[in-house]
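Scroll down for the structure; my scribbles are underneath it.
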Amino acid sequence: MMPRMSSKSSSARVRAAVTELEQFLGQRLKPRLKNGVDEFGRLLRRDLLSGKGLLKYDADSPLSYVAAMLSNRAVAAVMPSSKYIVNRVLRSLAEVSPRVVVEYGPAEGVMTRRILDLMPKDGRLFCVELNEPFVRALVQKVRDPRLVAVHGDVLQIDRILRAHGIEQADAIVSGIPFSFLSPRERHELAAKTRALLRPGGRFIAYQCTTHLFPVLKTHFRRFETELELRNLPPHFVFTAYR
């Protein structure tokens with residue numbers, strides 16, 4: 001486990017984290033990747049032989065994320081987040097005792113369920129997802145009156161929350177790949193995210209790249225970075241403070 005890095009950390013520490021990640025992949029993950037590829041091949045053959053076809057999304061299929069990715073370029077994940085990523089996000093989220101939370105890109109709700117476990121009975125969780133099949137799966141799998149699932153674009157998050165009478169949130173959690181956004185869109189979304197957080201609120205994002213590093217330095221007073229290797233692919237977890 002790597003120590004947290006503040007926004008004042010030098011670029012050398014970021015390079016060191018990337019080097020550690022490369023060493024981990026080269027020395028420890030190769031056998032696991034091979035086993036994972038073999039299992040993926042088995043499931044792929046089974047799916048094709050069943051006549052479902054990869055482009056047909058099925059929330060109950062073990063290849064649901066792959067099917068979603070192949071049919072929608074905005075989907076980056078090929079499998080749900082590991083429990084280790086989820087636990088890192090939840091530890092940071094629990095520190096603000098959240099009552100109003102926004103989640104960018106909930107997919108099928110792996111993180112969503114655990115966020116709801118942290119929230120009070122009168123809490124509200126707004127999940128904004130661009131992929132419509134994921135939204136349908138989320139509503140079917142997570143039956144909780146506190147959940148508001150929205151099929152929409154997170155770049156319109158200010159309008160979405162305003163339509164629901166929400167001015168500020170205690171925390172915003174993001175699993176969307178900022179690397180898929182243009183530089184202008186990254187800064188636009190970060191600015192809106194900061195404005196929608198209450199004073200003391202947090203923006204928690206888990207990403208497999210460091211595209212957020214300069215964006216967070218521009219829009220937030222400080223942030224911390226963690227690296228979780230026990231995920232495929234390994235992810236950085238950023239916690240930015242309003």
Side-chain angles (χ1 to χ4, degrees), residues 5-9 11 14 68-69 71-77 81 85 88-89 92-93 96 98-107 109 111-112 115 124-135 138 147-227 233 235-242:
M5 298 183 288
S6 72
S7 57
K8 296 181 179 179
S9 299
S11 59
V14 176
M69 182 187 68
S71 61
N72 189 331
R73 291 190 303 173
V75 176
S81 299
I85 285 289
R88 281 186 183 270
V89 172
S92 181
L93 185 61
V96 297
R99 181 178 174 276
V100 177
V101 178
V102 178
E103 184 181 8
Y104 296 162
M111 186 76 71
T112 307
I115 293 174
R124 298 181 78 186
L125 173 57
F126 295 87
C127 292
V128 183
E129 173 61 59
L130 188 60
N131 185 270
E132 189 172 6
F134 275 163
V135 177
L138 181 66
L147 172 65
V148 180
V150 179
H151 176 220
D153 190 336
V154 294
L155 289 171
Q156 304 297 321
I157 187 59
D158 49 344
R159 298 180 184 178
I160 291 171
L161 292 185
R162 191 161 56 242
H164 288 86
I166 300 297
E167 295 183 0
Q168 289 190 314
D170 299 306
I172 296 177
V173 175
S174 178
I176 65 167
F178 271 68
S179 58
F180 280 22
L181 302 177
S182 69
R184 180 189 62 78
E185 289 172 333
R186 292 171 202 164
H187 284 280
E188 177 186 343
L189 183 55
K192 288 184 177 182
T193 297
R194 183 187 182 282
L196 289 169
L197 287 170
R198 66 165 173 78
R202 296 183 179 187
F203 174 47
I204 309 166
Y206 50 103
Q207 311 274 294
C208 62
T209 72
T210 57
H211 283 80
L212 263 180
F213 198 88
V215 178
L216 296 179
K217 288 183 69 174
T218 299
H219 295 279
F220 288 85
R221 60 184 176 88
R222 69 182 181 95
F223 69 91
E224 297 170 341
T225 307
E226 296 177 282
L227 175 61
H235 271 50
F236 293 93
V237 178
F238 299 93
T239 299
Y241 299 84
R242 169 78 158 83

Can any side-chain N or O of [X] pair as donor or acceptor with the backbone N or O of [Y] at less than 3.5 Å?
{"X": "Glu129", "Y": "Ala107", "result": "yes"}
{"X": "Asp170", "Y": "Val101", "result": "no"}
{"X": "Arg88", "Y": "Val237", "result": "no"}
{"X": "His151", "Y": "Leu130", "result": "yes"}
{"X": "Arg242", "Y": "Pro199", "result": "no"}
{"X": "Lys192", "Y": "Gln156", "result": "no"}

Sub-4.5 Å side-chain heavy-atom contact between [X] and [Y]:
{"X": "Leu197", "Y": "Arg202", "result": "no"}
{"X": "Leu216", "Y": "Phe203", "result": "yes"}
{"X": "Phe213", "Y": "Phe223", "result": "yes"}
{"X": "Ile166", "Y": "Arg124", "result": "yes"}
{"X": "Thr225", "Y": "Thr210", "result": "no"}
{"X": "Phe178", "Y": "Thr209", "result": "no"}
{"X": "Leu189", "Y": "Ile176", "result": "yes"}
{"X": "Val102", "Y": "Leu196", "result": "no"}

[atom1]/[X] to [atom2]/[Y] distance, rounded to the nearest 0.5 angstrom?
{"X": "Ile172", "Y": "Leu161", "atom1": "CD1", "atom2": "CG", "value": "7.0 Å"}
{"X": "Leu181", "Y": "His211", "atom1": "CG", "atom2": "NE2", "value": "10.0 Å"}
{"X": "Lys217", "Y": "Leu212", "atom1": "NZ", "atom2": "CG", "value": "13.5 Å"}
{"X": "Arg99", "Y": "Leu125", "atom1": "CZ", "atom2": "CG", "value": "13.0 Å"}

Would you call the rings of His219 and His187 parallel, tilted or perpendicular, taking 30° and 60° as the class edges?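 His219 vs His187 ring planes: tilted.
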Side-chain H-bond candidate by donor/acceptor type, Thr112 with Glu103, under 3.5 Å: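 On atom types as modelled, these side chains qualify, holding a pair under 3.5 Å.
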Please test Tyr241 against Glu224 for side chain to side chain contact (heavy atoms under 4.5 Å, CB included), starting from the C-alpha separation and ending with a verdict. CA-CA 9 Å; Tyr241 299 84; Glu224 297 170 341; 3.0 Å; yes
Considering non-hydrogen atoms only, spot the tightest contact between [X] and [Y] and give its length.
{"X": "Ser81", "Y": "Tyr206", "value": "OG-CE1, 3.4 Å"}
{"X": "Asp158", "Y": "Leu155", "value": "OD1-O, 4.2 Å"}
{"X": "Leu93", "Y": "Pro98", "value": "O-CD, 3.4 Å"}
{"X": "Val96", "Y": "Arg198", "value": "O-NH2, 3.4 Å"}
{"X": "Gly109", "Y": "Leu138", "value": "CA-CD1, 3.5 Å"}
{"X": "Gln207", "Y": "Ser174", "value": "NE2-O, 4.2 Å"}

Evaluate Phe126 against Ile160 for side chain to side chain contact (heavy atoms under 4.5 Å, CB included), listing each step before the verdict. CA-CA 9 Å; Phe126 295 87; Ile160 291 171; 5.8 Å; no
Does CD in Glu167 sit with more than 12 non-hydrogen atoms of other residues, nucleotides or ligands closer than 6.0 Å?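 Atom CD in Glu167 is not crowded, with 12 or fewer foreign heavy atoms closer than 6.0 Å.
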